[in-house]
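Data first, discussion second: the structure below is written as structure tokens.
For the numbers below, each heavy atom of this structure counts, side chains included, while hydrogens, waters and symmetry mates do not.
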Amino acid sequence: MQCLRTEHLVSTETTPRQRQWRPQIYRKCTDKAWLFLFFLFWAGLVFIMGYSVTAGATGRLLFGYDSFGNVCGKKNSPVEGAPLSGQDMTLKKHVFFMNSCNLEVKDVRFSSTVLCVSSCPEEQLNTLEEVQLFANTTGSFLCVYSLNSFNYTQNPNADSLCPRLPVPPSKSFPLFNRCIPQTPECYSLFASVLINDVDALHRILSGIMSGRDTILGLCVLAFALSLAMMFTFRFITSLLVHIFIALIVLGLLFVCGVLWWLYYDYTNDLSTELDTERENMKCLLGFAVVSTVITAVLLVLIFVLRKRIKLTVELLRVTNKAISNSPFLLFQPLWTFAILIFFWVSWVAVLLSLGTAGAAQVIEGGQVEYKPLSGIRYMWWYHLIGLIWTSEFILACQQMTIAGAVVTCYFNRNKNDPPDRPILSSLSILFCYHQGTVVKGSFLITVVRMPRAVLMYIYNTLKEKHGAWSSCVSRCCYCCFRCLDKCLGHFNQNAYTTTAINGTDFCTSAKDALKLLSKNSSHFTSVNCFGDFVIFLGKVLVVCFTVFGGLMAFNYHRVLQVWAIPLLLVAFFAYLVAHSFLSMFETVLDALFLCFAVDLETNDGSSEKPYFMDQEFLSFIKRINKSNNARAQRDKNSLTNEEGTELRPL
């Protein structure tokens, strides 16, 4: 007897133990090396933040500066070798060009002397006496700071120290508070030089800063639409789904029509002379073509999948029942959104500081210019990787938290007594044991998205310098990486849910989930995909309405603003916000189906091994299987009929 017991122990030790698919009470830290790597990466980001604060000067970009190194609207520190630097410009908030009608750029700096003034001359000044009278009455001195206003008409060098006459009337425009000349001939020359010859990064940043109020309003609109869409999915009905799809179709067609109409309006506008207008016109054409293709693809998919709407409504009801067991899941996207907003604002602030990082150098005449520091562009790429990786890490933490809460509620025998505080329990497990797993999954997404950014940059570079073949190849590679990104996101979600159940590392969880789902994919793949498709349409609806509002708002400032980049930024933000809110339903849906697959794998519905799922979920799965079997039988019959038809002549 003792011998048999010993042989049994040996056999159990040598036989590999089968995976126990149950939520684990005792866990261990997973993927610790990846968590350490993430800390090292963030140490580099903190260094860049500190460097941008010390070396950058965001005030120069926001408020403008004069030729002597003084930032308008603030008190300045002196620059060694520049006697007119270090002045108090608190009351002088406007940037004035002394020769605005003949503005030129030489060696990346303006040929005209630039001053900080308290107000712009709104009427034309024809003589030095009128310039002196304007200075005495308004306190706005239009000559070099070293020349006293009493000597405007007496100093023999006043012609070189004062603006060229006549001084055109100007008005402060909310683009760096510059005094923009109002006469048509001066305005066109001034704008073409000021906008077309500025560095591309500064031009993009200027478009963002000049339209910051509009961008902020559109972000609030995207937030409100995402909230409305989330509560729509929470109380979904068949009628709401039909109304929702109708709004999607109308929104897509309307946005496409507006884009093509604006492009037609730009092409027929004879005053399109500036690079900004030409760039906006090119971007409008790109937006119109891309939106038309997306609209056509989505309309075809909606038409093909229209018969599965009823099952999708039932699927969303089952999802909502799972959410009702832990209603605070609806507020989960709010803290994710708040953290993302805080991180994005900090990221943009660091980007602005890096864009203005430069060393002050004194040139002839005691003027000051800022030379860009070496290595800044490498910091930009590192900063971009930090944006993608950290954003994906925050979103992955939300997915892991929701998956853990769903797992806790699903594997509970007593459905009438749900577990206490499942969200807090899932959060504590995540931060104590599985942060490394989330870091690894988000890094894989980053590895796929960085080549997409590089390919997009290569595409924009090659489309003008090389032929259409190279541009087409880079565009196809971009689309392949886009598809890989989507597949990897679904792959990561299943890995996070498996980690929440078994407490295993990322690779082991991904392998186990893939094996399990491959066995049970016939039960729910098609309905799950269409459910994800309907949720994706909700994100598209939010982006459509936000982009339409942006088109209407940005179109009013088409001359002095490169609004293609702000519009892309708004569309990206709207999609991320909608994804942050609506991905909660996707996560619950995917976690439910993985738990269902685990339930089928470990239980058989008998009294000894009853299912964890409730009767409503079980009846829904039976209806799916019945529908799939009926479809398979129809396909088999049609195939038999076709074969019989072919054999009749023989």
Side-chain angles (χ1 to χ4, degrees), residues 62-68 70-73 89-105 109-155 157-198 203 206-207 209-211 213 269-277 556-562:
L62 299 179
F63 308 112
Y65 60 98
D66 62 13
S67 299
F68 308 101
N70 299 300
V71 178
C72 300
M89 298 294 180
T90 307
L91 301 178
K92 300 179 179 180
K93 300 180 179 180
H94 304 279
V95 181
F96 175 73
F97 295 86
M98 292 177 59
N99 192 10
S100 58
C101 290
N102 296 287
L103 197 62
E104 295 180 0
V105 175
R109 66 184 183 88
F110 294 110
S111 59
S112 173
T113 302
V114 184
L115 302 175
C116 294
V117 296
S118 57
S119 62
C120 303
E122 297 182 357
E123 296 180 358
Q124 181 168 304
L125 306 177
N126 298 308
T127 62
L128 288 176
E129 285 78 8
E130 293 182 1
V131 174
Q132 184 181 41
L133 180 62
F134 176 77
N136 293 331
T137 55
T138 63
S140 183
F141 304 99
L142 305 182
C143 297
V144 177
Y145 308 133
S146 58
L147 183 62
N148 194 294
S149 62
F150 298 105
N151 297 325
Y152 281 4
T153 57
Q154 300 175 3
N155 195 305
N157 298 323
D159 293 338
S160 60
L161 299 177
C162 290
R164 179 174 295 185
L165 299 175
V167 179
S170 58
K171 187 177 180 181
S172 178
F173 190 81
L175 180 62
F176 297 149
N177 293 323
R178 286 187 171 90
C179 294
I180 307 297
Q182 298 300 299
T183 55
E185 59 277 4
C186 287
Y187 172 79
S188 59
L189 294 172
F190 177 85
S192 61
V193 173
L194 179 64
I195 296 177
N196 296 345
D197 292 319
V198 174
R203 201 160 56 194
S206 68
M209 293 309 302
S210 60
D213 296 334
D269 189 359
L270 300 178
S271 63
T272 306
E273 299 177 354
L274 304 180
D275 279 356
T276 49
E277 294 179 297
Y556 289 106
H557 302 290
R558 60 169 61 180
V559 177
L560 284 176
Q561 184 172 315
V562 184

Identify the heavy atoms of Gln132 and Ser149 that sit nearest to each other, and give their distance.
->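 Of all heavy-atom pairs spanning Gln132 and Ser149, the closest is NE2-O, 2.8 Å.
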Which residues share a side-chain contact (heavy atoms from CB on, under 4.5 Å) with [X], sequence neighbours left out:
X	value
Ser140	Val117, Ser118, Ser119, Phe134, Thr138, Leu142
Tyr65	Arg60, Val71, Tyr370
Glu129	Thr127, Thr153

[atom1] of [X] to [atom2] of [Y]: how many Å apart, nearest 0.5 Å?
X	Y	atom1	atom2	result
Asp159	Leu165	CG	CG	7.5 Å
Met98	Arg164	CE	CZ	10.0 Å
Glu122	Ser170	CD	OG	8.0 Å
Met89	Leu115	CE	CG	8.0 Å
Asn155	Ser160	CG	OG	8.0 Å
Phe141	Cys162	CZ	SG	12.0 Å

Can you find a heavy atom in the side chain of [X] that is under 4.5 Å from one in the side chain of [Y]?
X	Y	answer
Phe96	Pro121	yes
Pro163	Cys143	yes
Asp66	Lys92	no

List for me each residue that meets side-chain hydrogen bond (donor to acceptor under 3.5 Å, both in side chains) alongside Asn126, sequence neighbours excluded, and say none if there are none.
->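 With neighbours one apart ignored, the set is Gln124.
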Under the side-chain hydrogen bond (donor to acceptor under 3.5 Å, both in side chains) rule, collect the residues that match up with Thr90, sequence neighbours excluded.
->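 Expected list: Asp88.
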With sequence neighbours excluded, residues passing ring-ring contact (aromatic ring centres under 6.0 Å, His included) with Phe68 |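 In terms of ring-ring contact (aromatic ring centres under 6.0 Å, His included), with neighbours along the sequence ignored, Phe68 is linked to Tyr145.
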Counting N and O atoms only, with roles assigned by atom type, does the side chain of Ser67 sit under 3.5 Å from a partner on the main chain of Val114, one being a donor and the other an acceptor?
->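 Yes, the answer is positive, given that a donor and an acceptor are paired below the 3.5 Å cut-off.
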